[in-house]
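In listed order, ligands and their atoms are each counted from 1. Basis for what follows: all heavy atoms, side chains included, without hydrogens, waters or symmetry-related copies. Worth saying up front: this structure is predicted, and the values here are computed from it rather than measured.
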Amino acid sequence: MKKSRRQLLLSGLGVGAGAGAYLAARRAGLIPPSYTAGIFGAGEALTYASQRLLTRHSRAREFDPSQISEKPFVDKLVIKLPEEFDAMRQDGFTGWRVTIDGLVARPQSFSLAELKSFPQSSHITQLICEEGWSYIAQWTGVALSHLLELAGVQPQGRYVVYRSIQPERWDSIDLAEALHPQTLASYAMNGNDLPVPHGGPLRLSVPRQLGYKSVKYLTGLTVTDDLRPFGRTMGTEMGYSWFAGI
Ligand SMILES: Nc1nc2c(c(=O)[nH]1)N[C@H]1C(S)=C(S)[C@@H](COP(=O)(O)O)O[C@H]1N2
Ligand SMILES: [Mo]
């Protein structure tokens, strides 16, 4: 199976494969949804296919505590935080909820206290921005896979769309990424509550992909089998690749 998939890849998925090869690749889950939506070209399709074949289970590199950056970079927010954020901040984020809906057996809504009562996951990884800066930090939270298990993803589920309190900032990943053990709903950074500039009280950490996939101020997750109804960009900022594997 693995060999034939690889052969398929080598047979030129990236250079205008025939309809048969395209359909076979699609069945094998090797075509990124951005390709189907016609936004990005064959290059991204090839990157996605090779990464999914070779590194589905691989982990983002983890670092030693001594390597944690003294001054983590803060990405300037292009979009202002809405007023409801300030109101919740004044209440110590007691009203913050993250919801899970879509193709799940049991839709969920969790407070921060509930998230903190779940098994804790942590990793020291590098956040790499597409603009050329990066830093190493420890992220702590609950594995997204744990939350998705509580909700019970239906067998048709293929992608997770996630939203922030900034309506314009949302994104999506495939289920392999969502269930990967390093993908976290993070509420702490370097041992402290997640600072607001870094997405506090809650952000997604997707350390196997570029920083823009790690959406801050996480408020909701929707499991879906089709990203097309969500719009052409599938959440990713215009001009950036939907699949941003490092
Ligand atoms: N809600 C929200 N999430 C966001 C962004 C944003 O502007 N708003 N910027 C993204 C980008 S481009 C990067 S590189 C990282 C940066 O995370 P940091 O500011 O904690 O270093 O956050 C990502 N998540
Ligand atoms: Mo970024």
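At least one N or O atom of R203, backbone or side chain, sits closer than 3.5 Å to an N or O atom of ligand 1. On a distance-only criterion, F73 and ligand 1 share at least one N/O pair closer than 3.5 Å.
Side-chain atoms of L227 and V161, non-hydrogen and from C-beta on, do get closer than 4.5 Å to each other.
Counting only N and O atoms by type, the side chains of E114 and S117 include no donor and acceptor under 3.5 Å apart. R169 and S164 share no side-chain donor-acceptor pair at under 3.5 Å. There is no side-chain donor-acceptor pair under 3.5 Å between Y212 and E130. Between Q138 and S122, the side chains place a donor N or O and an acceptor N or O closer than 3.5 Å (distance only, hydrogens not considered).
With S172 as the fixed residue, the side-chain hydrogen bond (donor to acceptor under 3.5 Å, both in side chains) test singles out one of Y159, Y162, W242: W242.
Considering only non-hydrogen protein atoms, atom 24 (N) of ligand 1 sits nearest to S214 O, 3.0 Å. For atom 9 (N) of ligand 1, the closest non-hydrogen atom of the protein is D75 OD2, 2.9 Å. Scanning all protein heavy atoms for the shortest distance to atom 15 (C) of ligand 1 gives G211 O, 3.5 Å. The protein heavy-atom contact nearest to atom 14 (S) of ligand 1 is C129 CB, 3.4 Å. Among all protein heavy atoms, the one lying closest to atom 7 (O) of ligand 1 is L77 CD2, 3.4 Å. The shortest contact between atom 3 (N) of ligand 1 and any protein heavy atom is with K216 N, 2.9 Å.
No donor-acceptor pair under 3.5 Å is formed between the side chain of S134 and the backbone N or O of Q126. Looking only at distances, no side-chain donor or acceptor of T183 sits under 3.5 Å from a matching main-chain atom of V206. Side-chain atoms of Q108 come within 3.5 Å of backbone N or O of L150 as a donor-acceptor pair.
Looking at S164 against ligand 1, only its side chain comes within 4.0 Å, counting heavy atoms. Residue contacts with ligand 1 for W133 involve side-chain atoms from C-beta outward but no N, CA, C or O (heavy atoms, distance under 4.0 Å).
Those atoms of ligand 1 with a heavy atom of Y135 less than 4.0 angstrom away are 18 (P), 20 (O), 21 (O). Interface atoms of ligand 1 facing V215, defined by a heavy-atom separation under 4.0 Å, are 3 (N), 24 (N). Below 4.0 Å from some heavy atom of Y217 lie the following atoms of ligand 1, by number and element: 1 (N). Close approach of ligand 1 to V74 (heavy-atom distance below 4.0 Å) involves ligand atoms 19 (O).
Salt-bridge formation is not detected for the pair K80/D86: no Lys NZ or Arg NE/NH1/NH2 atom is positioned less than 4.0 Å from an Asp or Glu carboxylate oxygen.
Proximity annotation for atom 5 (C) of ligand 1: of E168, R169, R163, Q166, R169 comes nearest, heavy atoms only.
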